[in-house]
Amino acid sequence: MRMVLWLVTILAFLGISSSLLSGMGGDSSHMLNMVHDITTNNIGSLCYHNTYKSIKFQLETEIFRGSQEKAELVRDFLMDSKIYQNYDLSTILIQNLMERDKDIKAARVITFLPTHTIQVESELGKLVVSNSSVDYSVDQEPWYIDRFSSISWRTEKFISPHFSPGSWTFPYFSCAARAWLVSYTLPLFSSNNASNLIGLFVMDISVSSLDINQCETSSSPQSDQRNIIHTFYNTHKCHNTSKCIFQAGHGWVRGGYTCQCREGFYPATSKNGFNGSLVEVAYSDSYSHGSSTYSLLYICIPCSAGCQSCQDDTPCMAEYNWSFRLVLLSISMFCTLSSLITILLVYNYRRVKVFKYSSPTFLSITLMGCAVMYTEMVVIYPVLSTILCVLTKWTRHLGFCITYTALLMKTWRVNLTYRVKSAHKLKLTDKQLLQWMLPVFLIMVIYLATWTISDPPQAVDVFLLSGRKFSQCSYNWWDHSIA
């Protein structure tokens, strides 16, 4: 039975917590639309039927820590000295607080039974004092609570429904002040009964100067973090071909950023960047009315091939003479196929004396090396890249090594045969020559592999007088050493 009670208690607590968090988080898009409507004065009957409009997200109130501590000192003094019932002393105390802290927009002392309000408000650099005995309702002001206020009512209005000693309201737009405010409410209790709520001390702080940042976290300077609202990070509507650039100093505005094309893209229009407010409107219209403005005007187009950055579709690469390149490729392919066909002919007529005494094995190896060298043209025919440049070095040097090592082995055998002066005939077989040829081939393979791993040749850009460029494989120490 005890376990069941514990479980019910935990579930109830989690239910309250989750509802509180969902209220604090809210829907970012809905909140931004609300901010946009208020900014553009499209508020309809809001200020006719209500005095404020609250947006439920948790503002970082740590930046107002100094004002909060001063307000708590004033509240403690009011309770200890009981001067909250004295109009003149309360007014002087609030005026002194606001003169010392310019961040405070207004402050007030409300007492219950009967209801009496003393308010000091800053208007055009002057402190205006007002005194009234108007009764408040729970939903009339965002900062107001009374002894009958439930947890659910407080959750709707305050970041935390528990006052220790006070609590901050959610940011709200005040119809009277025409500004975005947050209020810090401190309950006043009777000295002989800590549960008897006898009044409130409330402080209003203007947050209209804070900026909504919809860009990524890293796009805003570190020095401006105190003046930035972090809740709407990464809610911008820039296309994935552009990046969001935060614009400071715009305040509570949806779209306070610029969409700038990423490297390798240029804007579809003549502008260097897209105004975030216009992008937001176009994005909303694309979903609500099916408008194509967003996809046509506020995207970036890829630059021409080979351009790292551009302003329009002007080509950056030089135009290749593909007809001439195709002729060279055809000649190389013809030579490659001729070499392979000749290998087959040598093998087929290997018993003919002219081939037999010329060593068909080494003739075939020589022709194979020629075929490998001819394939270099196949490799460099397309636009060069790092991989193709590596293949160019391998086909050129490996083919050269195979061809001329085979010729060297044959020449060396003939030379040894005619230089022997003894009556004993010297005989070097093809197998023995291949054993001598293999180390030379391995040395070349090791050299090329080391070259490829340590310092692979790159495709570098060579610029013409016209400003266009073409790719060419780089030459370095490895090229000169192998020569």
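These numbers come from the heavy atoms of this one structure, side chains and all, not from hydrogens, waters or symmetry mates.
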Query - Close aromatic pair by centroid cut-off 6.0 Å: Tyr144 and Trp153 - result: no

Query raised in the report: After noting the C-alpha distance and the side-chain angles of His239 and Thr241, does the key distance pass the side-chain hydrogen bond (donor to acceptor under 3.5 Å, both in side chains) rule?
Result: CA-CA 5 Å; His239 194 264; Thr241 57; 3.0 Å; yes

Requested in this report: Taking the six-membered ring for Trp and the full ring for Phe, Tyr or His, determine whether the centres of Tyr283 and Tyr298 are under 6.0 Å apart.
Outcome: no

Query - Which residues share a side-chain hydrogen bond (donor to acceptor under 3.5 Å, both in side chains) with Ser277, sequence neighbours left out - result: none

Query - Any donor-acceptor N/O pair, Thr258 side chain to Gln260 backbone, under 3.5 Å - result: no

Query raised in the report: Under 3.5 Å, side chain of Tyr447 to main-chain N/O of Trp478, donor-acceptor pair present?
Result: yes

Requested in this report: Taking the side chain as every heavy atom from C-beta outward, state whether Tyr233 and Gln214 have any pair of such atoms under 4.5 Å apart.
Outcome: no

Query - Side-chain heavy atoms of Val281 within contact of Leu278, under 4.5 Å - result: no

Query raised in the report: What do you reckon, Cys389 and Cys473 SGs under 2.5 Å?
Result: yes

**Report entry** Contact check, side chains of Ile94 and Val109, non-hydrogen atoms, under 4.5 Å
**Finding:** yes

Requested in this report: Ignoring hydrogens and angles, tell me if any N or O in the side chain of Ser332 forms a donor-acceptor pair with the backbone of Met377 under 3.5 Å.
Outcome: no

Report task. Looking only at non-hydrogen atoms, find the nearest pair between Thr39 and Val253 and report the distance. Result -> CG2-CG2, 4.1 Å

Query raised in the report: Out of Arg108, Lys157, Met203, which one pairs with Trp143 under the side chain to side chain contact (heavy atoms under 4.5 Å, CB included) rule?
Result: Arg108

Query raised in the report: Is Val129 close to Gln95 at the side-chain level, that is, under 4.5 Å between some pair of heavy atoms?
Result: yes

Query raised in the report: Ion pair present between Glu72 and Arg75, side-chain N to carboxylate O less than 4.0 angstrom?
Result: no

Query raised in the report: Could you state the interatomic distance from CH2 (Trp394) to CH2 (Trp451), rounded to the nearest 0.5 Å?
Result: 11.0 Å

